[in-house]
Asker: 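Before we start, here is the structure in question, set down as structure tokens.
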Amino acid sequence: MATNLDLFGEDGDDGAAQGGRVALGPQSVVLRGFALPLVDALLAGVDAVTAQAPFRHMETPGGYTMSVALTNCGQLGWTSDARGYRYARIDPLSGQPWPAMPQAFMQLAQAAAAEAGFPGFEPDACLVNRYEPGSRLSLHQDRNERDYGAPIVSVSLGMPAMFLFGGDQRADKASRTPLFHGDVVVWGGVDRLRYHGIMPIKDLPHPRLGSQRINFTIRRAG
Ligand code: MD3
Ligand code: FE
């Protein structure tokens, strides 16, 4: 019997059922459904953040507009413009500090990090991404954070996405793993600088969030 959801056809490993643990690499793991008990509080947190710092499409240094819309909360927020990528204390749109990190984000991130073998995680930044059908994130590394010793915790809500996980070089072959509403992924250690991305999002409307996917990544940036 096929027990796993097969939303993506033949070439994806849909992983374990809800509640499972799927290793993506030596020090990265998908915690299926780990965020489900906290979804109400997490969505209230996203609403509180975006009321103060709305989603916006940033420009890349190369002159493109990102298809993913983003915002931030916490002491530091990731921004991109013609001058480059960086973390900043002030939201360039409002001229104000980024909204505080909701308590539920912090609580979930610390619990997930500990569960994945990274106790004592003290995040200071959270990048919130919003995908609409067709939005994608091309292969990249996350290297604007000061200390690569800290893990990154990611929470997926809404429509599913196909996550691409490559190696330490852009040309390394990437594996594909679907991420579903409520999944939490923790990346650290030897996997921290691996290339990764998100394939164009299919329009499979989610009962709670409609035609969007929200992903937020909780980090130690400073
Ligand atoms: C693997 N976001 O915001 S989360 C990003 O679903 C980003 O929105 C994707 O890549 C998303 O930078 C993927 C997963 C993620 C985040 C950081 C990583 C995977 C990572 C850092 C190192 C290795
Ligand atoms: Fe990334």
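Computed over heavy atoms, backbone and side chain alike; hydrogens, waters and symmetry mates excluded. In listed order, ligands and their atoms are each counted from 1.
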Asker: Among the N/O/S atoms of D142, select the one at the shortest distance from the Fe ion (ligand 2) and name it.
Answerer: OD1
Asker: I'd like to check which ligand 1 atoms, numbered from 1 as shown, lie under 4.0 Å from a non-hydrogen atom of R192.
Answerer: 21 (C), 22 (C), 23 (C)
Asker: Is atom OH of Y64 surrounded by more than 12 heavy atoms (other residues, nucleotides or ligands) closer than 6.0 Å?
Answerer: no
Asker: Does the Lys NZ or Arg CZ of R194 fall within the cation-pi geometry relative to F165 - under 6.0 Å from the ring centre and within 45° of the axis?
Answerer: yes
Asker: With a cut-off of 4.0 Å, which atoms of ligand 1 are near a heavy atom of D191?
Answerer: 23 (C)
Asker: Should W187 and Y195 be marked as a ring-ring contact (aromatic ring centres under 6.0 Å, His included) after you check the CA-CA gap, both sets of side-chain angles, and the distance that decides it?
Answerer: CA-CA 12 Å; W187 282 270; Y195 277 87; over 10 Å; no
Asker: Which protein non-hydrogen atom lies closest to atom 13 (C) of ligand 1, naming both residue and atom, and how far is it?
Answerer: F163 CE1, 4.0 Å
Asker: Tell me yes or no: between the side chains of N144 and W78, is some donor less than 3.5 Å from an acceptor?
Answerer: yes
Asker: For the residue pair S211 and D203, confirm or rule out a side-chain donor-acceptor distance under 3.5 Å.
Answerer: yes
Asker: Answer with side chain, backbone, both or neither: which part of H140 has a heavy atom less than 4.0 angstrom from an atom of ligand 1?
Answerer: side chain
Asker: Indicate yes or no: does D40 engage R208 in a salt bridge with an N to O separation below 4.0 Å.
Answerer: yes
Asker: Any Lys/Arg nitrogen of D168 or R192 sitting under 4.0 Å from an Asp/Glu carboxylate oxygen of the other?
Answerer: no
Asker: State whether the number of non-hydrogen atoms from other residues, nucleotides or ligands found under 6.0 Å of R146 atom CZ is greater than 12.
Answerer: no
Asker: Is there a heavy atom in L137 that sits closer than 4.0 Å to ligand 1?
Answerer: yes
Asker: Might you point out which heavy atoms bring F121 and A150 nearest each other, and give the distance in Å?
Answerer: CE1-CB, 4.4 Å
Asker: Tell me the protein heavy atom at minimum distance from atom 21 (C) of ligand 1, and give that distance in Å.
Answerer: H196 CE1, 3.5 Å
Asker: Tell me whether R219 has any N or O atom under 3.5 angstrom from an N or O of ligand 1.
Answerer: yes
Asker: Judged by modelled atom types alone, do Y87 and E145 share a side-chain donor-acceptor pair under 3.5 Å?
Answerer: yes
Asker: Going by atom types only, do D142 and H140 share a side-chain donor-acceptor pair under 3.5 Å?
Answerer: yes
Asker: Identify the protein heavy atom lying closest to atom 14 (C) of ligand 1, giving its residue, its atom name and the separation to 0.1 Å.
Answerer: W187 CH2, 3.0 Å
Asker: To the nearest 10 degrees, calculate the angle at the Fe ion (ligand 2) involving NE2 of H196 and NE2 of H140.
Answerer: 90°
Asker: Could you tell me which atoms of ligand 1, counted from 1 in the order shown, lie closer than 4.0 angstrom to a heavy atom of L127?
Answerer: 3 (O)
Asker: Which of the numbered atoms in ligand 1 are below 4.0 angstrom from a heavy atom of R213?
Answerer: 6 (O), 8 (O), 11 (C)
Asker: N/O to N/O below 3.5 Å, does that happen between D142 and ligand 1?
Answerer: yes
Asker: Within a distance under 4.0 Å of any heavy atom of I152, pick out the atoms of ligand 1 and give their elements.
Answerer: 17 (C), 21 (C)
Asker: Show which atoms of ligand 1 fall inside a sub-4.0 Å distance from at least one heavy-atom site of N215.
Answerer: 4 (S), 6 (O), 8 (O), 11 (C)
Asker: What residue and heavy atom of the protein are closest to atom 3 (O) of ligand 1, and at what distance?
Answerer: N129 ND2, 3.0 Å
Asker: Please write down residue, atom name and distance for the protein heavy atom closest to atom 8 (O) of ligand 1.
Answerer: Y131 OH, 2.5 Å
Asker: Y195 near ligand 1, heavy-atom distance under 4.0 Å?
Answerer: no
